[in-house]
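Below is one structure, written out as structure tokens; comments come after it.
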Amino acid sequence: MTYEFEFTSQQATQEFAEKLAQLLMPGDFLALEGDLGAGKTTFTQGLARGLGVKRVVNSPTFTIIKEYAGRLPLYHMDVYRVADQVDDLGLDEYFYGEGVCVVEWASLIPNHVPEDRMTIHLLQQGENVRLCRLEVVGKRSEQVGKEIDQHVRAGN
Ligand SMILES: Nc1ncnc2c1ncn2[C@@H]1O[C@H](COP(=O)(O)OP(=O)(O)OP(=O)(O)O)[C@@H](O)[C@H]1O
Ligand SMILES: [Mg+2]
């Protein structure tokens, strides 16, 4: 199932992510896709806020995995530079752990991502406008997709 949302400001993107965060449970997996500057890190900052993370969230490009404490642990990863070494990174420990995983460029490691997952594709449509395509696969993620869509349609 795929849902589409449009965000006309950075704040709108982050408010959506914050709302989504409130629906998440341990073990949930989010793949983030989109070109440079599409808003993947911006989105993750909103998600972190929604999980009650107090620290500043920035791009994990050079660290690969960053872990933040919140209502649930947040594992923020960027596999862009390490897709070919993914077998050695021990990612499964995070993917099937007690936190929420957000993986930028997860499409580069298709054989390693959990079956049940949400994929968020951000597309730049204007300076401040982003189309957000949310694809949900599996029972758990389908449930979250349905809930966030209802929240947004209801305007809360
Ligand atoms: N509606 C919007 N949603 C998200 N970001 C927006 C929006 N409008 C403008 N922006 C701006 O676009 C930029 C997005 O940058 P960000 O670092 O989040 O992208 P990224 O996808 O993580 O890029 P990279 O692949 O380089 O890591 C920010 O400067 C942000 O302020
Ligand atoms: Mg980024």
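As the structure lists them, so they are numbered: ligands from 1, and atoms in each ligand from 1. Just the heavy atoms: all of them, side chains too, but no hydrogens, waters or symmetry mates, feed the values below.
The shortest N/O to N/O separation between Gly34 and ligand 1 does not fall below 3.5 Å. Considering both main-chain and side-chain atoms, Thr8 never comes within under 3.5 Å of ligand 1 through any nitrogen or oxygen pair. Remark: ligand 1 and Asn128 share an N or O pair separated by less than 3.5 Å (distance only, no angle test). Considering both main-chain and side-chain atoms, Gly37 comes within under 3.5 Å of ligand 1 through a nitrogen or oxygen pair.
Here the shortest heavy-atom distance to atom 30 (C) of ligand 1, taken over Gln11, Glu104, Gln10, belongs to Gln10. The option from Lys40, Arg130, Gln125 that lies nearest to atom 24 (P) of ligand 1, judged by heavy atoms, is Lys40. Taking each of Leu32, Thr44, Thr42 in turn, the one with a heavy atom nearest to atom 5 (N) of ligand 1 proves to be Thr42.
Residue-ligand proximity: Glu127 is placed with a non-hydrogen atom under 4.0 Å from ligand 1. By the 4.0 Å heavy-atom criterion, Asp78 is excluded from the residues contacting ligand 1. Residue contacts with ligand 1 leave out Ala12, since none of its heavy atoms falls under 4.0 Å from the ligand.
Tyr3 is not listed as a side-chain neighbour of Met118, based on a closest heavy-atom distance of 4.5 Å or more.
In this structure, Leu47 CG and Leu32 CG are separated by 8.0 Å, a value rounded to the nearest 0.5 Å.
Within 6.0 Å of CD on Glu98 lie no more than 12 heavy atoms contributed by other residues, nucleotides or ligands. Summarising the local packing, CD of Glu115 is surrounded by 12 or fewer heavy atoms from other residues, nucleotides or ligands at distances under 6.0 Å. More than 12 heavy atoms of other residues, nucleotides or ligands shown are found within 6.0 angstrom of CG on Asp84.
At distances below 3.5 Å, not a single donor-acceptor pair connects side-chain atoms of Lys66 with backbone N or O atoms of Leu74.
The aromatic rings of Phe16 and Phe5 are tilted relative to each other, their planes meeting at an angle between 30° and 60°. Ring pair Tyr80/Trp105 is tilted by interplanar angle, where 30° to 60° counts as tilted.
With 2.8 Å as the limit, Thr41 counts as an N, O or S neighbour of the Mg ion (ligand 2).
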task = May I have the step-by-step check of side chain to side chain contact (heavy atoms under 4.5 Å, CB included) for Arg130 and Gln124, ending in yes or no?
result = CA-CA 5 Å; Arg130 302 293 185 272; Gln124 185 157 3; 3.6 Å; yes
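Here is the list of ligand 1 atoms found below 4.0 Å of a heavy atom in Thr41: 17 (O), 18 (O), 20 (P), 22 (O). Remark: ligand 1 atoms within the under-4.0 Å shell around heavy atoms of Phe7 are 1 (N). Those atoms of ligand 1 that come under 4.0 Å of a heavy atom in Asp35, given as number and element, are 21 (O).
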